[in-house]
Amino acid sequence: MANRRLLRVADLLREELDEIIRRDVHDPRVNERDFTITRVDVSADLAHARAHVSSLLVDPARAALIEGLNSAAGFIHRELRRRIRLKHVPALAFAYDPGLAQSQHIADLLNVLKHERTP
């Protein structure tokens, strides 16, 4: 079970990551895309953090988004070090989270079923 400190650090990282990426990352693979950072998983020793990114983009654009974020990870890490007060800011990695796309797919299927049943 994750302790409270890890959860607080993960939440702080998620908030700061969102702000840094939206304001300061100028990579066209990233700043022209619509996405959400759904969660951040932090290792127990706070050495590594994996940010899960969800988007409704199709595969080539989605892969480019994740690639752009991972490419900017060093810059984002430096910005995090400037903004938050932690002894060690974790190294960042970004991964795709299919949760939003799956939710949208289920909603679409339910809408199709709803329209098929109504006379």
Side-chain angles (χ1 to χ4, degrees):
M1 182 171 152
N3 65 27
R4 293 181 68 159
R5 181 167 190 258
L6 288 178
L7 295 174
R8 286 193 339 253
V9 168
D11 193 46
L12 174 65
L13 288 174
R14 187 186 54 76
E15 291 174 10
E16 291 296 328
L17 283 172
D18 189 55
E19 186 174 328
I20 290 169
I21 292 168
R22 303 241 186 246
R23 287 184 177 199
D24 300 327
V25 175
H26 302 298
D27 188 329
R29 297 174 292 184
V30 176
N31 66 1
E32 297 173 358
R33 305 293 185 208
D34 188 26
F35 63 91
T36 303
I37 298 176
T38 55
R39 73 180 192 275
V40 175
D41 295 331
V42 181
S43 65
D45 62 355
L46 295 175
H48 303 282
R50 179 175 300 273
H52 297 268
V53 179
S54 189
S55 177
L56 294 176
L57 298 170
V58 293
D59 192 34
R62 180 177 59 222
L65 169 66
I66 299 300
E67 183 181 319
L69 288 169
N70 281 316
S71 175
F75 168 77
I76 297 168
H77 184 263
R78 283 190 302 277
E79 286 297 311
L80 281 172
R81 280 197 328 234
R82 285 184 342 103
R83 291 178 182 219
I84 61 176
R85 301 184 66 92
L86 287 175
K87 186 174 183 178
H88 299 287
V89 174
L92 298 172
F94 293 89
Y96 176 65
D97 180 6
L100 184 60
Q102 290 173 345
S103 298
Q104 184 63 43
H105 179 68
I106 291 170
D108 292 343
L109 290 174
L110 290 174
N111 283 335
V112 168
L113 287 173
K114 179 181 174 184
H115 291 324
E116 286 178 356
R117 287 190 172 198
T118 56

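For the single chain, residues carry numbers from 1 onward in sequence order.
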If hydrophobic residues (ILVMFWY) are linked whenever their side-chain heavy atoms come closer than 4.5 Å, directly or via other members, who joins Leu110 in its cluster? Ile106
Nearest heavy-atom pair of Arg50 and Ala95: which atoms, and what distance? NH1-CB, 3.6 Å
Looking at side-chain heavy atoms only, is the closest gap between Val25 and Glu79 below 4.5 Å? no
Under 3.5 Å: donor-acceptor pair, side chain of Ser71, backbone of Glu67: no
Please name the pair of heavy atoms, one in Arg81 and one in Val89, separated by the smallest distance, quoted to 0.1 Å. CG-CG2, 3.6 Å
Closest non-hydrogen contact found for Leu69 with Ile76 is O-CD1, 4.3 Å
Criterion side chain to side chain contact (heavy atoms under 4.5 Å, CB included) against Leu6, the qualifying member of Asp41, Val42, Asp45: Val42
Ser54 side-chain N/O to Thr36 backbone N/O, donor-acceptor pair under 3.5 Å: no
Reported CD1-to-CD distance for the pair Ile84 and Glu15, which is rounded to 0.5 angstrom: 11.0 Å
Heavy-atom pair of closest approach, residues Arg29 and Arg33: O-CG, 3.1 Å
Please identify each residue that fulfils salt bridge (charged side-chain N to carboxylate O under 4.0 Å, His left out) with Arg8, with sequence neighbours left out. none
Using 0.5 Å steps for rounding, measure from the OH atom of Tyr96 to the CG atom of Leu65. 10.0 Å
Return yes if some donor-acceptor pair links the side-chain N/O of His88 with the main-chain N/O of Ala47 below 3.5 Å, else return no. no
Counting N and O atoms only, with roles assigned by atom type, does the side chain of Asn70 sit under 3.5 Å from a partner on the main chain of Ile66, one being a donor and the other an acceptor? yes
Nearest 0.5 Å, please: how far is CD1 in Ile20 from CG in Leu13? 9.0 Å
Test of understanding: with side-chain hydrogen bond (donor to acceptor under 3.5 Å, both in side chains), list the residues that count as partners of Asp18, not counting sequence neighbours. Arg22
If you draw a 6.0 Å radius around CG in Asp34, do more than 12 non-hydrogen atoms from other residues or ligands fall strictly inside? no
Quick check for you: to the nearest 0.5 Å, what is the distance between Lys114 atom NZ and Leu109 atom CG? 14.5 Å
Can you tell if the side chain of Val30 reaches within under 4.5 Å of the side chain of Phe94, non-hydrogen atoms only? no
About how many Å separate CG of Leu12 and CZ of Arg83, when rounded to the nearest 0.5 Å? 11.0 Å
Is there a side chain to side chain contact (heavy atoms under 4.5 Å, CB included) between Arg5 and Leu46? Walk through the geometry before answering. CA-CA 10 Å; Arg5 181 167 190 258; Leu46 295 175; 2.9 Å; yes
From CZ (Arg14) to CD1 (Ile37), nearest 0.5 Å: 8.0 Å
